[in-house]
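Lettering follows sequence order; numbering is per chain, from 1. What you see is a predicted model; the values in this text were computed from it and never measured.
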Protein chains: 2
Amino acid sequence: MATIDDVARAAGVSVSTVSYALSGKRPISAATRARVERAVRELDYHAHAGARALASSRSDVIALVVPFRPGINVQIIMQFVGGVVTAAREHDHDVLLLTQDDPTGMARVAGSSTADAIVVMDIGSDDPRLPALRALTVPCVLIGVPDDTTGLACVDLDFGAAGRLAVRELARRGHRRIALVGASQEEIAQHANYALRMRDGVRAQAGAEGVDALLVPAAPGFAGGVDAVDKVLAQQPGTTGLVVHNEAALGGVLAGLERRGLRVPEDVSLVAVSPVDIAAALPVPVSTIEVPGMRIGRTAVEMVMARLGGDAVPETRLVTPALLGDESLAAPPVTVTRAAADDRVGA
Amino acid sequence: MATIDDVARAAGVSVSTVSYALSGKRPISAATRARVERAVRELDYHAHAGARALASSRSDVIALVVPFRPGINVQIIMQFVGGVVTAAREHDHDVLLLTQDDPTGMARVAGSSTADAIVVMDIGSDDPRLPALRALTVPCVLIGVPDDTTGLACVDLDFGAAGRLAVRELARRGHRRIALVGASQEEIAQHANYALRMRDGVRAQAGAEGVDALLVPAAPGFAGGVDAVDKVLAQQPGTTGLVVHNEAALGGVLAGLERRGLRVPEDVSLVAVSPVDIAAALPVPVSTIEVPGMRIGRTAVEMVMARLGGDAVPETRLVTPALLGDESLAAPPVTVTRAAADDRVGA
DNA sequence: GTGAAAGCGCTAACAT
DNA sequence: ATGTTAGCGCTTTCAC
């Protein structure tokens with residue numbers, strides 16, 4: 001492999017000139033720059049990453065901690081990863097992959113200067129890694145929002161706003177009894193922050209709109225979705241609007257409705273918080289609030305770069321949700337529902 | 001951050017002794033080793049990755065090229081990634097993530113000694129990256145098998161064996177008319193190697209068993225699956241065995257059968273080549289031949305390590321498939337099928 | 001079994 | 001605008 005010395009010799013300049021010509025950190029005459037660039041091209045020169053890191057104390061690498069636990073939504077994960085990698089490359093950084101179940105990984109890559117910064121995905125409300133993250137010697141950005149964000153930089157979808165958005169859309173079409181088919185009992189038990197914020201958003205908007213909102217956790221998988229529909233209709237008969245924040249149960253929810261002869265959206269309106277790919281594999285089109293993984297991943301990298309640049313202080317950034325499509329949204333049926341009765345009274 | 005000098009001073013030995021004590025590359029007395037290890041612990045010493053790479057010409061990093069094109073099966077991708085990262089860590093290597101749509105990425109990380117080796121996923125039969133891969137200055141291992149493997153190291157599931165396995169299981173239960181609902185037209189057009197090998201495996205085994213095998217491509221998504229069922233029954237009435245090698249269409253295939261009143265497995269037996277997670281989200285249990293992503297990822301890393309070790313020559317390794325469960329497998333119905341008629345004649 | 005010291009290839013003062 | 005050079009922190013001969 002060619003070294004910077006080879007390039008300097010070929011271009012007839014000193015090594016520092018080559019270095020500066022390549023980094024742009026000091027003015028170089030057009031002629032010199034051209035000769036350097038030519039030599040670089042002819043020798044196919046690439047600066048040795050280790051040597052550069054040693055001399056400059058910057059590796060130009062961001063570590064990304066990815067969850068591999070079963071039951072995780074891989075679609076979302078991949079979108080985050082894609083966003084992080086793409087954005088990192090735009091800033092001339094590479095991405096090193098760490099897994100969640102390598103507890104020493106973050107300290108190792110930080111301590112060895114393998115990475116300049118760390119992005120951590122899938123942060124829980126009371127994530128056990130929080131102390132370690134606060135103690136890190138390199139800047140870090142969390143995807144997900146813990147309960148206590150002191151000293152931490154975080155990004156996530158604004159799940160509270162997502163919940164409010166979903167309820168608002170149902171309410172303005174006249175639905176008066178709605179239900180949130182939410183995360184599994186386990187996720188709730190683990191205080192999964194997104195689940196709690198979603199729940200609170202649904203509750204708050206339901207309160208503001210004066211509609212009844214039942215909250216039902218759903219086990220992941222087909223059966224979990226079917227069960228959830230049973231529960232909803234048993235505990236709150238006449239429910240006409242469903243918010244499903246559990247992509248693994250989504251297919252089961254639709255099947256459960258169909259088995260009871262309930263059509264979407266004629267009898268029941270539906271908003272899913274889910275990756276679009278999953279929604280696309282369903283028998284009927286479903287209006288979806290997507291977790292914008294790419295966007296969040298990119299934002300995480302922007303925050304990393306800001307912090308590496310020196311300015312920027314830890315902050316929490318919540319990305320505003322948007323509703324895609326209205327195929328599974330309609331007014332509630334005019335017959336049996338209380339909403340219909342209310343409407344008549346109002347008319 | 002503590003340096004090796006700090007450790008040497010704290011332990012009262014020379015830097016070379018620290019280095020050797022840590023690498024084990026030359027014998028160190030137990031007493032000295034203990035003092036070094038103590039100093040390392042107390043100072044929380046981590047060798048500077050760049051300095052190490054510069055001095056040793058080894059970065060202890062493997063680059064992994066991941067496809068992010070839409071329509072890709074993320075479940076499988078994540079499994080590959082998980083296997084690669086886990087295995088790499090067991091060999092004290094880290095994994096750097098590259099995306100497919102960064103065409104200069106591989107040359108860059110190889111040329112700058114950022115990575116010691118490269119693993120490339122999602123290799124097509126006539127992958128455009130093949131020339132670049134052959135020209136690489138570092139060893140590389142492909143996940144997927146191109147048509148011409150000269151000079152290349154490759155790993156993949158043995159899709160031919162998977163096709164034969166699926167047909168054998170159907171045939172030995174008495175099915176005489178089967179169909180492969182396979183990859184999409186696009187994948188076939190792109191000469192996706194796995195699709196071709198699957199097809200050939202199905203054909204070969206069908207020929208050997210003397211059963212009729214119809215080959216039908218399916219567009220991904222729910223509708224694609226429904227369509228495929230229509231095509232199968234139109235082109236080959238009396239089909240009782242289905243091999244579905246298209247996880248995105250799987251839900252649609254089941255729905256298509258149900259709409260025609262065909263039960264699984266009473267009327268139609270089914271074998272899916274799919275990630276188990278997808279199969280689990282389906283309304284009925286489906287016998288599955290899984291692409292063992294973890295295993296393949298691990299194997300890729302073993303091959304990388306062998307090549308970094310000097311021994312080992314490029315080779316292609318095909319992982320043997322296994323069938324999980326038999327819930328969607330049964331004998332064909334005794335009434336209308338030709339299989340039943342044959343049986344009676346034979347009896 | 002241990003130490004001294006010569007690089008590895010680059011960056012960034014400090015020159016001019 | 002360009003050149004000289006002292007490190008960056010480690011590995012690995014070579015020497016004892």
Side-chain angles (χ1 to χ4, degrees), chain A residues 1-37 39-40 43-61 92 108-116 137 308, chain B residues 1-37 39-40 43-61 92 108-116 137 308:
Chain A
M1 290 278 89
T3 73
I4 197 172
D5 275 286
D6 300 327
V7 176
R9 208 168 308 124
V13 298
S14 72
V15 290
S16 61
T17 298
V18 175
S19 177
Y20 285 119
L22 260 25
S23 72
K25 289 190 181 173
R26 82 180 184 190
I28 298 286
S29 73
T32 305
R33 154 162 293 125
R35 307 174 63 211
V36 169
E37 280 167 359
V40 164
L43 295 171
D44 189 31
Y45 169 74
H46 293 268
H48 188 289
R52 184 207 286 281
L54 180 56
S56 67
S57 316
R58 297 172 87 306
S59 63
D60 291 356
V61 167
D92 281 313
R108 183 172 51 80
V109 299
S112 62
S113 300
T114 299
D116 295 334
T137 56
L308 284 178
Chain B
M1 289 279 91
T3 72
I4 198 172
D5 275 287
D6 300 327
V7 175
R9 208 168 307 123
V13 297
S14 71
V15 291
S16 61
T17 297
V18 174
S19 177
Y20 284 119
L22 261 25
S23 72
K25 289 189 180 173
R26 85 179 181 190
I28 298 285
S29 74
T32 305
R33 153 161 295 126
R35 305 175 63 210
V36 169
E37 279 168 359
V40 165
L43 295 172
D44 189 31
Y45 169 75
H46 293 270
H48 188 290
R52 184 208 287 280
L54 180 56
S56 67
S57 314
R58 297 172 86 306
S59 62
D60 292 356
V61 167
D92 280 312
R108 183 172 50 81
V109 299
S112 62
S113 300
T114 298
D116 296 333
T137 56
L308 285 177

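- Nucleic acid contact class of Ser16(B) (heavy atoms, under 4.0 Å, all strands): base.
- Across all strands shown, Val15(A) has heavy atoms under 4.0 Å from base atoms, whether or not it also approaches the sugar-phosphate.
- Backbone-only contact: Thr3(A) has heavy atoms under 4.0 Å from sugar-phosphate atoms and none from a base.
- Shown are Val36(B), Asp6(B), Ile4(B); of these, the side-chain contact (heavy atoms from CB on, under 4.5 Å) with Tyr45(B) is made only by Ile4(B).
- Note: Lys25(A) NZ to Tyr20(A) OH = 8.5 Å, rounded to the nearest 0.5 Å.
- Legend: residues meeting salt bridge (Lys or Arg N to Asp or Glu O under 4.0 Å) with Arg35(A), ordered by chain and number and at least two apart, are absent.
- First and last contacts of DNA chain D with chain B, using any nucleotide atom under 4.0 Å from a protein heavy atom and ordered 5' to 3', fall at dG9(D) to dC14(D).
- The NE2 atom of His46(A) sits 13.5 Å away from atom OG1 of Thr3(A), with the distance rounded to the nearest 0.5 Å.
- Judged by distance alone, with hydrogens and angles left aside, the side-chain atoms of Thr32(B) form no donor-acceptor pair with the main-chain N or O of Ile28(B) at under 3.5 Å.
- Side-chain atoms of Ser113(A) do not come within 3.5 Å of backbone N or O of His48(B) as any donor-acceptor pair.
- Ranked by how close their nearest DNA chain D nucleotide is to the 5' end, Ala47(B) and Arg26(B) are led by Ala47(B).
- Nucleotides of DNA chain C nearest to Ser29(B) and His46(A) differ in position, and the one nearer the 5' end is that of Ser29(B).
- Ser112(A) contributes a side-chain N or O that, together with a main-chain N or O of Arg108(A), makes up a donor-acceptor pair within less than 3.5 Å.
- Within the nucleic acid shown, Ser19(B) comes within 4.0 Å of at least one base atom, counting heavy atoms only.
- Closest-nucleotide positions on DNA chain C for Ser56(A) and Ala30(B) were compared, and the one nearer the 5' end corresponds to Ala30(B).
- Between Ala110(A) and Thr137(A), the closest heavy-atom pair is CB-OG1, 3.9 Å.
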In sequence, state the C-alpha distance, the side-chain angles, and the governing distance for Ser16(B) and Ser19(B), and then conclude on side-chain hydrogen bond (donor to acceptor under 3.5 Å, both in side chains).
-> CA-CA 5 Å; Ser16(B) 61; Ser19(B) 177; over 6 Å; no
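- The footprint of chain B on DNA chain C, defined by a heavy-atom cutoff below 4.0 Å, extends from dG1(C) to dG9(C).
- Using a 4.0 Å heavy-atom distance criterion, Thr32(A) is classed as a sugar-phosphate-only contact.
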